[in-house]
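Reviewing the structure listed below.
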Number of protein chains: 2
Amino acid sequence: MSHTKKYTEVALHALKEKGYRITKPRRLVVEMLNTSDIALSAYEIRDRLEAEGEKVDKVSIYRILECLEENHLIHRVLMTGKVRKCQLEDEDHCHLNQADHCHHLLICEQCGFIEEVHCPGMNRIVQQVAEDAQFTVKSHHLEFLGLCQKCNSPHHKKTAAN
Amino acid sequence: MSHTKKYTEVALHALKEKGYRITKPRRLVVEMLNTSDIALSAYEIRDRLEAEGEKVDKVSIYRILECLEENHLIHRVLMTGKVRKCQLEDEDHCHLNQADHCHHLLICEQCGFIEEVHCPGMNRIVQQVAEDAQFTVKSHHLEFLGLCQKCNSPHHKKTAAN
DNA sequence: TTTGTACTGCAATATTATTGCAATAGTAAA
DNA sequence: TTTACTATTGCAATAATATTGCAGTACAAA
């Protein structure tokens with residue numbers, strides 16, 4: 001689900017706490033991701049902003065995304081492959097300086113809708129795998145591909161969410 | 001671990017069964033992936049082949065990778081992001097026409113070494129998530145990032161596997 | 001061998017991402 | 001408020017990655 005407008009300010013404020021400036025381009029990008037139910041690539045963000053009459057250079061968008069990602073305010077969706085797609089963290093995941101970020105995503109192949117989910121048993125699996133393979137696991141990323149409830153229903157219309 | 005040389009023939013033969021031709025470029029690409037402990041991008045494959053005195057056009061490599069991927073002989077490593085990296089399936093995973101392909105990968109951030117692992121509890125998690133979110137899960141992808149045993153040891157040398 | 005066509009290689013082009021630098025605009029302090 | 005510092009942006013150029021169309025090649029079956 002898309003975040004509240006207020007969350008944009010929360011995210012920007014978190015950045016400011018760390019010494020970053022709150023600029024118009026940053027606000028626009030965060031706001032855009034904030035209100036989108038689907039992940040967006042850098043170019044998609046630029047195009048959507050342009051459609052709204054806001055011009056932000058693609059280079060700036062890349063740099064803004066990099067900044068947001070470094071500070072764990074967004075993360076990439078990997079299944080979709082070639083483009084760098086991002087979405088805001090869930091509110092309860094939004095903690096700067098948080099060490100272990102694990103992302104469990106449901107991704108609808110039909111409409112692109114993305115939702116974060118909680119996976120109760122994952123910790124145990126992580127521990128088990130790490131032990132078996134003598135591997136130090138620092139983070140993990142789990143994505144489920146399939147059909148969301150809406151697209152799965154017999155009456156679904158083929159529209160992209162948001 | 002890298003696959004046996006014989007496995008290259010197994011993979012190529014699996015393709016032939018499906019009506020594909022066994023060509024020199026295909027054999028070279030499969031062989032290259034076969035003997036590499038780390039995932040490779042299209043351009044990396046081309047460069048390595050060139051270093052061996054074998055010339056295969058990048059376009060052909062893209063098309064070969066596409067073919068191999070469609071037939072589940074290789075799959076992409078997503079965590080590494082922007083490049084399309086591939087590696088051969090584990091032998092016991094190599095079944096054409098297999099419906100559900102789930103990839104559980106250990107990825108060493110230091111040396112790039114990649115290993116497939118078995119995750120005993122995953123099925124239950126998949127079912128649980130699907131039920132909770134009313135989502136039809138068709139496939140999933142799980143990747144662990146961290147340090148392999150070798151790179152984690154105090155005596156490790158910073159070299160790329162293979 | 002011969003023959004049909006799957007496949008490759010080349011050229012051109014599209015898409016995505018990065019770098020350096022001058023101009024701009026947040027922000028803190030005066 | 002105004003000033004001054006500098007983080008950040010936008011532009012231009014370029015690099016890296018990926019795709020398309022088509023003519024020529026080489027697999028594989030007969």
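First the proteins, then the strands, lettered A, B, ... as listed; each starts at 1. In this text, all values refer to a predicted model and were calculated from it rather than measured experimentally.
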message: Grouping I, L, V, M, F, W and Y whenever their side-chain heavy atoms are under 4.5 Å apart, do A:Tyr43 and A:Val59 come out in a common cluster?
response: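 Hydrophobic grouping puts A:Tyr43 apart from A:Val59.
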query: Is there a path from A:Ile38 to A:Leu147 through hydrophobic residues (I, L, V, M, F, W, Y) whose side chains come within less than 4.5 Å of each other?
result: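 No, A:Ile38 does not connect to A:Leu147 through the hydrophobic network.
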task: For the helix from C:dT1-D:dA30 to C:dA30-D:dT1, figure out the bend between the end axes, five pairs an end, and round to 10 degrees.
output: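 Inter-axis angle at the ends, rounded: 40°.
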A:Arg26 side-chain N/O to D:dT8 phosphate OP1/OP2 under 4.0 Å: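 Yes, such a contact exists.
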For the pair made of [atom1] in [X] and [atom2] in [N], what is the distance, rounded to whole Å?
X	N	atom1	atom2	value
B:Glu66	D:dT20	CD	C1'	12 Å
B:Lys18	C:dA6	NZ	C1'	16 Å
A:Leu28	D:dG10	CG	C1'	14 Å
A:Leu12	D:dT8	CG	C1'	14 Å
B:Ile61	D:dA16	CD1	P	17 Å
B:Ile64	D:dT19	CD1	C1'	16 Å
B:Asp47	D:dT17	CG	P	9 Å
B:Asp57	C:dA12	CG	P	14 Å

Quick check: closest heavy atoms across [X] and [Y], and the distance to 0.1 Å?
X	Y	result
B:Arg48	B:Ser36	NH1-OG, 4.1 Å
B:His141	B:Arg76	CE1-O, 3.5 Å
B:Val117	A:Val129	CG2-CG1, 4.2 Å

- prompt: Any salt bridge (Lys or Arg N to Asp or Glu O under 4.0 Å) pairs touching residues 53-64 of chain A, not counting sequence neighbours?
  reply: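 Passing the test, one end in residues 53-64 of chain A: A:Lys24-A:Glu54.
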message: For a side-chain contact (heavy atoms from CB on, under 4.5 Å) check, start with the C-alpha distance between A:Lys150 and A:Gln110, then their side-chain angles and the critical distance, and finish with the verdict.
response: CA-CA 10 Å; A:Lys150 214 182 284 179; A:Gln110 185 100 97; over 6 Å; no
query: Between B:Val59 and A:Arg63, which is nearer to the 5' end of DNA chain C once each is assigned its nearest nucleotide?
result: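 The residue closer to the strand's 5' end, by nearest nucleotide, is B:Val59.
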- request: Determine, for nucleotides 23-30 of chain D in 5'-to-3' order, which nucleotides have protein heavy atoms under 4.0 Å from the base (write B), from only the sugar-phosphate (write S), or from neither (write -).
  value: ---BBS--
message: Using the side-chain heavy atoms of B:Ser60, tell me which of these nucleotides is nearest: C:dT8, C:dA12, D:dG10.
response: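 For B:Ser60, the side-chain atoms sit closest to C:dT8.
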message: Can you confirm whether the side chains of B:His104 and B:His140 place a donor and an acceptor under 3.5 Å from each other?
response: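 Side chains of B:His104 and B:His140: pair found under 3.5 Å.
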message: Quiz question: by atom type and distance under 3.5 Å, do the side chains of A:Asp132 and A:Gln128 form a donor-acceptor pair?
response: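 Yes, A:Gln128 and A:Asp132 have a side-chain donor paired with an acceptor closer than 3.5 Å.
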- prompt: Of A:Lys55 and B:Tyr43, whose nearest nucleotide on DNA chain D comes first from the 5' end?
  reply: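 So the residue in question is A:Lys55.
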